[in-house]
Each structure stands twice: as C-alpha cells, then as structure tokens.
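Everything numeric in this text was worked out from a predicted model, so none of it was measured.
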Number of protein chains: 2
Amino acid sequence: MDFSKISLFSGISDDSCCAMYDCFGVTTQLFHPGQTVYEYGVDQNLVGIVLSGEAVLLRLDRDGEETVLENLDENSVFGQMLAFSGSMTDRVWVRCEKAAEVAFIPYDQITKRCEKACAHHSHLVENMFSLMQQKAVRLSERIEVLSRRTIREKIWSYLQIQKTLNGKDDFALPFSYSALADYICTDRSAMMREKAKMEKEGLFSADGRNIHLKDEG
Amino acid sequence: MDFSKISLFSGISDDSCCAMYDCFGVTTQLFHPGQTVYEYGVDQNLVGIVLSGEAVLLRLDRDGEETVLENLDENSVFGQMLAFSGSMTDRVWVRCEKAAEVAFIPYDQITKRCEKACAHHSHLVENMFSLMQQKAVRLSERIEVLSRRTIREKIWSYLQIQKTLNGKDDFALPFSYSALADYICTDRSAMMREKAKMEKEGLFSADGRNIHLKDEG
DNA sequence: AAATATATGTTGCAATTGCAACAAAAGGCG
DNA sequence: CGCCTTTTGTTGCAATTGCAACATATATTT
C-alpha cells in the first residue's frame, strides 16, 4: 500500500507506516455505490480514510431532508473524532458514491501511546491535529460566507476566499453553480440573478466556471 | 493552581499536571480589559487557556468591521491549533474583556512525546482531540443554523439545538437577543418581528430569555 | 440616586429574496 | 448518434428581510 499520499501518514516513512498498520489493527474494506460506509453514533471508535473512490457525508434532517455535509474524495478522513456531528438527533452517515476502498483505524490507537512503542507516533498525532484543524478551517470559511446578509455579499465573500486559496485573481470554481448555491445556502436562481448583476457592474467576469476578479477585488 | 477545572487537563491527577506544567514550560500572564492576549499568525506555536476572566476572539474584516468569532470564558482554549483562522488576510486576535489570567503552552509540547516521559501524556493528547472536536461541533451547529434560508427557520433550528443540548423543552438562552441576532446573522429587529409572530402562532413562549417550546417542537 | 449605556420591542418602507415555472445548453451513456 | 439527466440562464410575483427610526425597559457605572 502507498502511504505517501495519505495525509494522516504524511511525513512518515513507508516502513514505519507498515509497522503501525500492523500494530494498530487497521482494516480495509471495499464499498459499492450506495452502501453505508460509516454510521455516526454507531461506529464511534473508528477513524476512516478513503483510499480510493468517492463518498459523501450526509445528514438526514428532522424534516426528512438529506443534506450533503461534506464531499469525501481520495485521502479524505472522517469519523466521530473529526466530527461534524451537529445535533445528535439527526442521522449522520457516510455513503459510498463511487466504488471505494476505505481503511479504518481504531481511534484510541491514534491517541494512546502504542504499547509496542512504534516510532513516529507523535508525528501521527501531529498529522491528526492538522487534519482536525483543516476541518475547523473549512467550517470557519463556510461560516464566514454564510454570515453575510445578502446574496451579493455571500458570493463576494466566497470569491475572496477562493482568491486567497488560489493566490490569484483568476481561478476556476471547484464545483457547479448549483452546488455553489447549496454551499452559500441561497436559492440558485436568486444567486444567478445577483451574479449577472455583479458581472454587469464589472466586479468580475465569468466564463463558465472560470472566474476573473477585477481590480479592487 | 487548580487543574481539575481545566478541560485540557481533565482526568489527569494534580500531581501529574504539576509535573507537566514544569516539564512543558507553561507560562501564565495577567491581562487587563482591552489588551491583546493572542495574535493569530504571530503567536503561532502557543495554545492558550483562559484560567479566569473573559476574552473574545475577534476578526477584523476587509471592510473594517470587527466580528466576534467566539466568546472565551473560564477554561476556554484557543490558539492556531484550535483555529478559526478563515481567510488569512484578515486580522484575527484574542482581546481581553474582563481582567483575565491566561496560561500558554507551547504547542509542540502537546503533540510531541515528552522527553522526560511524563506519564499521562496520551491522556493530554486525548483531551486536546476532544477540545478540537468540541470546537468542530460548535462550528457545525452554527452552520446548521446559518444554512436555513429564512429567519423563522434559523430561530427554530437554533431552539431545536438548544433543546437537544439542554435535554428539555424549557431552557434559558445563553445570551441576549441582540447577541442571538448576531449569532444567526440577521437584523435584530427582523428577528424580533419573527419571534413575535412565532410566539403568536404558539410555536413557543418566551419570558425574557426563558424559552418554553410547545408540543410538536 | 442619577446618569449612562445596553437590551428589548415595534413599525413603515424599500430592497432583496425565495419560489415557481420556464427554455436552452452541456454532459453522460448505450 | 439520439436519449436522458444535469446544469445554466431568465423572469414575474409574493413574501421576507434589512434598514432606519423610534420608545421603553433593564443594567451598569458614577
């Protein structure tokens, strides 16, 4: 197995990874589209890593609405520890979207010091912290966008964040406009209307999903 | 010093805490209201713990607007690792509100295994994970509220979460209505208008900050 | 106790938004 | 290619919302 691309193991030599892999009692499993990969509240003590394929983190609302909380692609990590849990009354689970291979690590193996004294354990802990922090940053980014009161401000805020992430005024949206409307939690048509207005006012130009921010942005 | 109330050290004996305290090179500092306690991006390698008093985590917007990202009361933990960082272009810092004592721990002392092999180190790591998770949960809760499209749905969603947290249909709001309006990111007067409407329709009753949810809620 | 600040409650009005209903374009798939 | 699904783009209209401007009540400070 190639550990170098898995963020949880980044910076750790393949040899050490193999040792830990055995030491920790890691299991891997194949999933078909539609299958439930992980159920929050049930599989409490596992951390999951998507080795290949795609999955989504879903929430079933009180009102029966399914919401995508997160897209989990290759190398994504999920589990109670990296929780999105929200109000515990709703069902939250990971569903396979495209045939996927997933590794599961018992959570306490990560936190506790390994009895067999695996080297690099503290590095693993650091990586885990880093992953959790990244998740917190992503959540904060979304709050930053959602905290704006008007659609215009939400779009603008989102574009500013993308500008920062990409480091330049030209970049491609990471997903469709429909998905963007979901992300900023507004009506798609209303968002498109505002987008058109903003383009007309010269704030930015868009060719498909390619955005070009103008001057002051 | 009394460690038993500090979440980062919970479950660890006072003796062990004292040992770690020395071992980690913890420093404590007093702050007056208005003073800057911690500057994100500058004090990168420190984790802060509010031992007494109060502080707030602030963001200075591009447009010069100060936003309260988080209230930090006794035992709150903050720092780059528990980051809220958002877009790195904005200034983010912790400001003392009420005279406070704050402890700072070098971040890498928490992740790395202590050279002097302090016992209970893995417990500390667990506590740190737990704190980060709690933060993620709090962020997710807010997203859950902010993701609603109407003020009514935002209020309702917020009350449902409070109901779950309190475990009953009667509870007190943890802050003022003004603060609630900030939290759900809507105009206060519009929120009050909707609140009045919802009360009139019998969804809940409010006596000051004491909420009583009706039946179906 | 008086003075000052902060929180709560209310309303009119203009602007924004969600919703519904389209039509056209682009992608995916056998 | 032709069929089907998803995405994009647009508009009218009713409902919601933000904003501004109040009045009153409750805290907090001097």
Between A:Ser7 and A:Asn127, is the side-chain contact (heavy atoms from CB on, under 4.5 Å) condition met? List the steps. CA-CA 7 Å; A:Ser7 46; A:Asn127 286 345; over 6 Å; no
Atom-pair distance (CE on A:Met191; P on D:dT7), nearest Å: 12 Å
Please give, in whole Å, the distance from D:dG9 P to A:Ile151 CD1? 16 Å
Partner of A:Phe78 under ring-ring contact (aromatic ring centres under 6.0 Å, His included), chosen from A:Trp93, A:Tyr38, A:Tyr107: A:Tyr38
What is the distance, rounded to the nearest whole Å, between atom CZ of A:Arg209 and atom P of C:dG27? 8 Å
Please determine, for the side chain of A:Arg193, which listed nucleotide (D:dT10, D:dT7, D:dC13) has the closest atom? D:dC13
Phosphate-side-chain proximity, A:Arg152 and C:dT17, N/O vs OP1/OP2 below 4.0 Å: no
Residue B:Met192, side-chain atoms from C-beta onward, closest of D:dT16, C:dT10, D:dT7: C:dT10
Please classify the nucleic acid contact of A:Ser189 as base, sugar-phosphate, or nothing, using heavy-atom distances under 4.0 Å. base
D:dT17 phosphate, OP1 or OP2, under 4.0 Å from A:Thr150 side-chain N/O: no
One should read off an interatomic distance between A:Leu51 CG and A:Ile6 CD1, to the nearest 0.5 angstrom, of 5.0 Å
Can you tell me if the side-chain N/O atoms of B:Arg149 get under 4.0 Å from OP1 or OP2 in C:dC19? yes
Taking CG from B:Asp187 and C1' from C:dA15, how many angstroms apart are they, rounded to a whole number? 13 Å
Rounded to whole angstrom units, what separation is found between the NZ atom of A:Lys197 and the C1' atom of C:dT16? 7 Å
Cationic N near anionic O, under 4.0 Å, B:Lys195 to B:Glu199: yes
Distance check needed: C:dA7 C1' versus B:Tyr177 OH, whole Å only. 11 Å
Would you indicate, yes or no, if D:dG9 has its OP1 or OP2 atom less than 4.0 angstrom from a side-chain nitrogen or oxygen of A:Lys195? yes
Using whole Å, report how far CG of A:Leu180 lies from P of D:dG9. 12 Å
Report the distance from atom CD of A:Glu97 to atom P of D:dT6, rounded to the nearest whole Å. 12 Å
Is there a side-chain polar atom (N or O) of A:Arg188 under 4.0 Å from OP1 or OP2 of D:dG9? no
B:Glu194 with B:Lys154: basic N within carboxylate O range, under 4.0 Å: no
